[in-house]
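What's counted below: heavy atoms across the whole structure, side chains too, no hydrogens, waters or symmetry copies.
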Amino acid sequence: MFGPVSDLVPSTPIFEVYPLGLSTIAEYLERSNYHVRTINLAYLMLRSDRFDVEATIRTLNPMIFGIDLHWMPHCHGVIEVARICKTEHPDIPVIIGGISASYYHDQLLEYECVDFVLRGDSTEEPFKQLMDILSAEGNTYRAELLAYVPNLSWRDASGAHRINELSWVPTDFNGPALDFAYNMKSVLRYRDLFGSIPFKDWLRYPMGATITCRGCTHDCVTCGGSATTFKKHFGRGRIAFRDPELLARELANQHKYLPGPIFVLNDFLQAGSDYAHTFLNALGKENIKTPVGFEFFGPPKPEIYELLQANLDDWTAEISVETHDDAIRSLFGKKHYTMDDIEASIKEALAHGATRFDLYFMMGIPGQDARSALETVNYCKGLYERLGNDPRLLTFISPMAPFLDPGSKVFDDPEEYGYSLRAHTLEEHRQLMLQPSWKQILNYESALFSRDELVETTYEAGLLMNRIKRDAGAIDPAVAATTEIRIEQARDAMRRVEEIDRMEEPVRSTALMDYSDEFIKLSESTVCEKSELEWDVNFFRPSNMLACARLWAREEFGNLVSGGNRQATSDIHRQFDETMRTRGAFADTATIGEDSSHEKERPS
């Protein structure tokens, strides 16, 4: 029973959504004449009980299998999928990448089913260099050449771990393409619509996303993507931004093909005022009609809301403030604003035409206890009242689960922040994933907020927040009633899980299996209805269908002429003029350490 770990993201509790990095790596390799296919095994398993993972992998014959370990909930599955790949194809290498893989790269090589690990947040070019070596026929110097692939961890012929320098850390984010058309081209080439679906409900609610940068200027202490974590573990001393006009063009390209909303991830305000003005004014020229959502790491200034209002017909804002308590938020690493600042910013956003403003809170953070978490919920009631119960405000609260991020400041030094860890190694986390309830899966315990208290407070806070939003008119009363019933059922189910877990085997395993369907059902939309995350969108747009039809016709003809060898590359990225690149133009607002980017020389 995974519990409410995914209530505030589009995916189910198994986090079947794959990271954007898989698409950027794939498109980058396509530019170098490699063919890349993405298969979302998790989605296919959710879609049909009859889907056979082993049989599917058995039919494949690639040069290399790449598997992501970006988010830690995948820590168990990544090894099991790698083992299947090796069982079915013992001679095909397996490579793992992602943020979590970078942290645990040495431990991943302890598993015989893993041949390579690529470290860091920008592995497109290192992956290409590795492919060039692996694809060279009769290469008798492979081991020698592998030593020159940046960011690569691998085993040599003796079984010793070789850790190459983490030297490929680009200072801008303009090289990779974030082009949804690439995914569509790949689907057409492989005749596989479902394999590349991002998450379970995407066909019903086709949303897009783009990302502003790699790295972060902020230092939230529980985050595995904080400035300190990036610098300490992933070699990034300076945040890498995407050119603002390229970013705007990519949003317009998604708008061309997708009828749903588009999220802009990673606060673009980190790049400074000039970047923000250039980006938003460029968006205004693209005439985007679908909703665009922006993630902010603090309250924007009124001028930003003025620019959003001037350049977009439909836009939303979201901020994760974690707690209503300014002192506790400061301990968390967010000292740069107060709740008074947030309230003023929400008023400005709504006054400037925001169609919604999402405010996120978290339970289990440093300095917080159960009483404080419930006070946060009570604060939200007063906030709605002060804003005249404006239904465009949506407040959410959820536990920090299932894992405290490896590599975060708290994970690296838990005692300093009042925590004890229940898992340190990759294998210890894998074993936690086999536990029957989300309370037992948690890899941490706070001295101020025990796991028992966290579970009970999660359900209590969910009930109270649900009622507050119902009374404020932010959610439909019928939806609120359904959510309340589900929360109570989930609370009862948690108690049942714990009762069963105390039974002796084999009765325990049989009883857990008997209730497994119910436990899984109560792990989706637990403390809030997932539809609360969705915006009202008109999904019927003839221009989208026409654009998709044109792309289909062009790609079908190209695949016919080339015998299926047409490269699925990004048109937008090919058209990006080199003179528009702004390398280092906004670095003065973003530097968090010395630049560590350089390419290591390799023999010809």
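R386 has a carboxylate O that lies under 4.0 Å from a charged side-chain N of E343, or vice versa, which qualifies the two as a salt bridge. Salt bridge annotation for R356-D358: present, with a cationic side-chain nitrogen under 4.0 angstrom from a carboxylate oxygen. Under 4.0 Å is where a charged nitrogen must lie from a carboxylate oxygen, and between K409 and D412 no such pair does. In this structure, K301 does not pair ionically with E348, as no charged nitrogen and carboxylate oxygen lie closer than 4.0 Å. Salt bridge annotation for R214-D121: absent, with no cationic side-chain nitrogen under 4.0 angstrom from a carboxylate oxygen.
Between the CG atom of L258 and the CZ atom of R541 there is a distance of 9.5 Å, given to the nearest 0.5 Å. From Y417, atom OH reaches atom OG of S408 across 9.0 Å, with rounding to the nearest 0.5 Å. Atoms CG and CG, on N466 and D471 in that order, are 9.5 Å from each other to the nearest 0.5 Å. Taken to the nearest 0.5 Å, the CD atom of E306 stands 12.0 Å off from the CG atom of L280. A distance of 6.5 Å separates OH of Y419 from OG1 of T222, quoted to the nearest 0.5 Å. One distance of note links CZ of F294 with CZ of F357; it measures 12.5 Å at 0.5 Å rounding.
Residues satisfying the ring-ring contact (aromatic ring centres under 6.0 Å, His included) test with Y18, not counting sequence neighbours, are none. For F234, the ring-ring contact (aromatic ring centres under 6.0 Å, His included) criterion is met by F230, not counting sequence neighbours. Among residues two or more places apart in sequence or in another chain, the salt bridge (charged side-chain N to carboxylate O under 4.0 Å, His left out) test is passed with E318 by none. In this structure, F15 has no ring-ring contact (aromatic ring centres under 6.0 Å, His included) partners at least two apart in sequence or on a different chain. Contacts of Y459 classified as side-chain hydrogen bond (donor to acceptor under 3.5 Å, both in side chains), with partners at least two apart in sequence or in another chain: W438. Shown here are the side chain to side chain contact (heavy atoms under 4.5 Å, CB included) partners of R467, two or more places apart in sequence or in another chain: L463, L464, R470, E484. Every side-chain hydrogen bond (donor to acceptor under 3.5 Å, both in side chains) that E453 has, sequence neighbours left out, goes to S450. In this structure, the side-chain hydrogen bond (donor to acceptor under 3.5 Å, both in side chains) partners of E498, at least two apart in sequence or on a different chain, are K439. In this view, R329 and D326 satisfy the side-chain hydrogen bond (donor to acceptor under 3.5 Å, both in side chains) rule, not counting sequence neighbours.
With a 4.5 Å cut-off on side-chain heavy atoms, Y384 and L393 count as touching. L308 places a side-chain heavy atom less than 4.5 Å from the side chain of I304. Residues L454 and M363 form a side-chain contact, since some pair of their non-hydrogen atoms from C-beta on lies under 4.5 Å apart. Counting heavy atoms from C-beta on, the side chains of V377 and H324 never come closer than 4.5 Å. When side chains are defined from C-beta on, C220 counts as touching K334, because their heavy atoms get closer than 4.5 Å. At a threshold of 4.5 Å between non-hydrogen side-chain atoms, the residues L394 and I475 count as touching. The shortest side-chain heavy-atom distance between K521 and Q489 does not fall under the 4.5 Å cut-off. Side-chain contact between L359 and L383 is present, with heavy atoms from C-beta onward closer than 4.5 Å.
Side chain to side chain, K289 and N287 meet the donor-acceptor criterion of an N or O pair below 3.5 Å. E460 and T457 share no donor-acceptor pair across their side chains, judged by distance under 3.5 Å alone. S23 and N183 form a side-chain donor-acceptor contact under 3.5 Å, judged by distance and modelled atom types alone. Looking only at atom types and distance, the side chain of Y305 has a donor-acceptor partner in the side chain of S345 under 3.5 Å away. Side-chain atoms of Q435 and D501 form no donor-acceptor pair, as typed in the model, at a separation below 3.5 Å. Residues T483 and E529 have side chains that never bring a donor and an acceptor to within less than 3.5 angstrom of each other.
Atom OH of Y515 is surrounded by 12 or fewer heavy atoms from other residues, nucleotides or ligands within 6.0 Å. Within a 6.0 Å sphere centred on NZ of K530, heavy atoms belonging to other residues, nucleotides or ligands number more than 12.
For F396 and F361, the ring centers sit 6.0 Å or farther from each other. Less than 6.0 angstrom separates the ring centroid of F241 from the ring centroid of Y275. For H429 and F403, the ring centers are positioned less than 6.0 Å apart. Aromatic pair W535/F263: ring centres closer than 6.0 Å.
For N544 (side chain) and F539 (main-chain N/O), no donor-acceptor pair under 3.5 Å exists by modelled atom type. In this structure, the side chain of T323 engages the main chain of D325 through a donor-acceptor pair within 3.5 Å. For S226 (side chain) and T229 (main-chain N/O), a donor-acceptor pair under 3.5 Å exists by modelled atom type. Panel note: side chain N40, backbone Y43; a donor-acceptor pair is recorded below 3.5 Å. In this structure, the side chain of N443 engages the main chain of L404 through a donor-acceptor pair within 3.5 Å. Side-chain atoms of D7 come within 3.5 Å of backbone N or O of V527 as a donor-acceptor pair. Proximity of a side-chain donor or acceptor of D267 to a complementary backbone N or O of F296 within less than 3.5 Å is not detected. Between the side chain of H336 and the backbone N or O of F297, at least one donor-acceptor pair lies under 3.5 Å. A donor-acceptor contact shorter than 3.5 Å links the side chain of T355 to the backbone of W315. Under the 3.5 Å distance criterion, the side-chain polar atoms of S437 are left unmatched by any main-chain donor or acceptor of M1.
Identified under the side chain to side chain donor-acceptor pair (under 3.5 Å) test for residues 364-374, with sequence neighbours left out: R371-E375. Applying the side chain to side chain donor-acceptor pair (under 3.5 Å) definition to pairs two or more places apart or across chains, those involving residues 199-212 are R204-E534. Within the structure, ring pair (Phe, Tyr, Trp, His ring centres under 6.0 Å) contacts touching residues 468-492 (residues at least two apart or in different chains) do not occur.
Looking at every heavy atom in both residues, C216 comes nearest to A227 through O-CB, 3.2 Å.
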- Task: Output, in order, the C-alpha distance, side-chain angles, deciding distance and verdict of side chain to side chain contact (heavy atoms under 4.5 Å, CB included) for C213 and R242.
- Result: CA-CA 6 Å; C213 59; R242 204 150 186 80; over 6 Å; no
- Task: Could you go through the side chain to side chain donor-acceptor pair (under 3.5 Å) check for T12 and E524 one step at a time?
- Result: CA-CA 6 Å; T12 71; E524 291 192 44; 5.1 Å; no
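Classification of the Y257-F180 ring pair by plane angle, with boundaries at 30° and 60°, yields tilted.
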